[in-house]
> 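What follows is a structure written as structure tokens; I'll ask about it next.
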Amino acid sequence: MDERLIPVFDEVVTRNPGETEFHQAVREVLESLGPVVTKHPQYTDAAVIRRLCEPERQIIFRVPWTDDTGRVQLNRGFRVEFNSALGPYKGGLRFHPSVYLGIVKFLGFEQIFKNSLSGLPIGGGKGGSDFDPKGRSDAEVMRFCQSFMTELYRHLGEHTDVPAGDIGVGQRELGYLFGQYKRITNRYESGVLTGKGLSWGGSQVRTEATGYGTVFFVDEMLRHTGDSLDGKRVVVSGSGNVAIYAIEKLHELGARVVACSDSGGYVVDEDGIDLDLLKEIKNAQRGRVADYAARRGDAHYVAGGSIWQVPCEIALPCATQNELDGTHAKVLVENGCQIVAEGANMPTTPEAIRFLRDAGVRFAPGKAVNAGGVATSALEMQQNASRDSWTFEHTEARLAEIMRSIHDSALETADEYDVPGDYVAGANIAGFTRVADAMLALGLV
Ligand code: GLU
């Protein structure tokens, strides 16, 4: 890290004790910004980087609800409104027992740069709760969402803060959240949430967008070296929304996905994952990949263990933060992996990233690769604002165009700062400069 940025990083660690994922996300960005502060001293003079590391507002609240036995349950809710220089705070809500302030802040911090990189008018924020939806009935999930929104609604608005989904928050949860927002405010304010259902203000392609966008990005990486996805052997970790639609687009473009996973283990299917079966098990039955293996003859399931043992040319971590560490990276390299692209947020540890890059593996970071989800959320906001709804084809074409432009802007920025081919530095610098210029223009706020 550039020595001028070390005090900024030290300050972040001191001010935010124990928030290790947040420290990790900040470090990754600051490590790219050395050449930027040399070229543009105005950012340091106006303390832009220090200000970027401090959220504009952090909200923490109590979420009481009753379970199906009538017992009172208690969770903690968060919304970190990180930066609004480019537009209203925008970013998802995550419901998972691992959620605490450090996770929400790492996600919110990454979201600033991701959203900036998309070129669309959206600021950065993130929220969630340590609520665990696993094993809860629909009625319990609804009561939780209603209680969560009963506090959160006062902080939201289509021009203020616009949440969406993330891990544990899909269309079911967004429906309950939107219903409660509408009831409390007496406003059908479509633009206050994205990821909505198609019959109540949602956009075509939003469900598929993060996974599809991830694959469009990888397709651009390959195209850049005169290669293509056709015939490539791919491993996709996870089996949630991002993984499912990444697999769908990979198969459409001629690649073969031979493994996917969940928190219990992974499944290897040499014939290529049967997506209809996976969707039925994961979406309709809320089941596990072990159930997939049980119903699919030649596939085999490995409980526990690491999916990165499975040989592949392209690895797409699409599950969760820090799922791919140094040991996994070593195995991937030994097995001849050539590209790692992050469909999830920060799934690769810093040690693994270093190892992959030293070994000549092309690595692309989540803020660029998985930006298609939030970009399509911004397209949903555009449609809501004009009371319009676009076709699937038109929306998908817009998404593909945005992913191409993110890819090119990361590579062009890497060239401009003399780190050719470095997608991490390119994405961090391109994302940073757009938001930093807006912050300078808006004065000291
Ligand atoms: N949670 C997604 C992300 O990590 C989507 C956010 C959104 O659509 O606002 O970018």
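Counting starts at 1 for both ligands and their atoms, in listed order. Since this is a predicted model, take the numbers as computed values, not measurements.
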> Give a yes or no on whether a salt bridge exists between Asp166 and Lys126, defined as a side-chain N under 4.0 angstrom from a carboxylate O.
yes
> Considering non-hydrogen atoms only, spot the tightest contact between Gly77 and Val63 and give its length.
N-CG2, 3.7 Å
> Give a yes or no on whether the ring-centroid distance for Tyr292 and Tyr266 is below 6.0 angstrom.
no
> Using a strict threshold of under 4.0 Å (side-chain N to carboxylate O), is an ion pair present between Glu351 and Arg354?
no
> Please say whether more than 12 non-hydrogen atoms of neighbouring residues, nucleotides or ligands are located less than 6.0 Å from NZ in Lys182.
no
> I'd like a table of the close N/O pairs between ligand 1 and the protein (anything under 3.5 Å), one pair per line with both atom names and the distance.
{"residue": "ligand 1", "atom": "1 (N)", "partner": "Lys126", "partner atom": "NZ", "Å": "3.2"}
{"residue": "ligand 1", "atom": "1 (N)", "partner": "Gly165", "partner atom": "O", "Å": "2.9"}
{"residue": "ligand 1", "atom": "1 (N)", "partner": "Asp166", "partner atom": "OD1", "Å": "2.8"}
{"residue": "ligand 1", "atom": "4 (O)", "partner": "Lys114", "partner atom": "NZ", "Å": "3.0"}
{"residue": "ligand 1", "atom": "4 (O)", "partner": "Lys126", "partner atom": "NZ", "Å": "3.0"}
{"residue": "ligand 1", "atom": "4 (O)", "partner": "Asn345", "partner atom": "ND2", "Å": "3.1"}
{"residue": "ligand 1", "atom": "8 (O)", "partner": "Arg206", "partner atom": "NH2", "Å": "3.0"}
{"residue": "ligand 1", "atom": "8 (O)", "partner": "Ser377", "partner atom": "OG", "Å": "2.6"}
{"residue": "ligand 1", "atom": "9 (O)", "partner": "Lys90", "partner atom": "NZ", "Å": "2.7"}
{"residue": "ligand 1", "atom": "10 (O)", "partner": "Gln111", "partner atom": "NE2", "Å": "3.1"}
{"residue": "ligand 1", "atom": "10 (O)", "partner": "Lys114", "partner atom": "NZ", "Å": "2.8"}

> Looking at Glu151 and Arg154, does any basic side-chain N land under 4.0 Å from a carboxylate oxygen?
yes
